[in-house]
Amino acid sequence: MEQTLLARKRSPSLTDAELRLMEVVWQKGSATVSDVVEALPARVNLAYSTVLTTLRILEQKGYLKHSKEGRAFVYQSLIGRDQARENAVTHLLRRFFEGSPELLMLNLVEGNKIRPEELQRLRRRIAEEEES
């Protein structure tokens, strides 16, 4: 009996591991694989080859581009933090909240996941938006 293995579908959003490496590239502006490995916290013990593979995946996803400087590939971000956040929220809305920002906000409010001061800032922001 032959068993077929299905490849895992590549997510357009960032995984935790990918986000960790993107944070380094965003902070540095551009970075080689060695730069990224050295910038990771000591508790994150990733091999050079793992970082290289993940940076290549990020490039395939359209988050990074590289140029060659000598023997090294230098990676630069094509998408900033704000755009990555927007992409993640859009993905979250589609996947869990039927594309509805209202359902997401109701979940946060009803689940007491928003502190009173955050809720007050949101109320002010909504009022400002309604006035404009």
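When a residue number appears, it is its place in the shown sequence, counting from 1.
- The 12-atom threshold is exceeded at CD of E128, counting heavy atoms of other residues, nucleotides or ligands nearer than 6.0 Å.
- Considering every non-hydrogen atom in both L14 and A84, the closest pair reads CD1-CB, 4.2 Å.
- Inter-residue side-chain proximity for Y63 and N87 is flagged as met; some heavy-atom pair is nearer than 4.5 Å.
- Taken from CD in E38 to CG in L40, the straight-line distance is 10.0 Å, to the nearest 0.5 Å.
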For residues 22-29, which side-chain N or O atoms pair as donor and acceptor with protein atoms under 3.5 Å away, sequence neighbours left out?
| from | atom 1 | to | atom 2 | distance (Å) |
| --- | --- | --- | --- | --- |
| E23 | OE1 | R81 | NE | 3.1 |
| E23 | OE1 | R81 | NH2 | 2.9 |
| W26 | NE1 | S77 | OG | 3.1 |
| W26 | NE1 | I79 | O | 2.8 |

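- A pairwise comparison of heavy atoms in L103 and F97 identifies CD1-O, 3.5 Å as the closest pair.
- Here OG of S13 is found 8.0 Å from CZ of R95. Values are rounded to the nearest 0.5 Å.
- In this structure, the separation between CD on E18 and CG on L58 is 4.5 Å, given to the nearest 0.5 Å.
- Atom OG of S30 sits about 12.5 Å away from atom OH of Y75, to the nearest 0.5 Å.
- Rounded to the nearest 0.5 Å, atoms CG (L21) and CG (L64) are 8.5 Å apart.
- Here the closest non-hydrogen pair linking D35 and A31 is OD2-CA, 3.6 Å.
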Side-chain donor/acceptor pairs under 3.5 Å, residues 104-122, sequence neighbours excluded:
| from | atom 1 | to | atom 2 | distance (Å) |
| --- | --- | --- | --- | --- |
| R115 | NE | E117 | OE2 | 2.7 |
| E118 | OE1 | R115 | N | 2.8 |

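- Expressed to the nearest 0.5 Å, how far NE2 of H66 lies from CD of Q76 amounts to 11.0 Å.
- One hydrophobic cluster holds both V33 and V44 under the rule that ILVMFWY side chains link at heavy-atom gaps under 4.5 Å.
- Side-chain atoms of E69 do not come within 3.5 Å of backbone N or O of V74 as any donor-acceptor pair.
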Under 3.5 Å, which donor-acceptor pairs link side chains of residues 48-57 to any protein atom two or more places apart or in another chain?
| from | atom 1 | to | atom 2 | distance (Å) |
| --- | --- | --- | --- | --- |
| T53 | OG1 | S49 | O | 2.9 |
| T54 | OG1 | T50 | O | 2.9 |

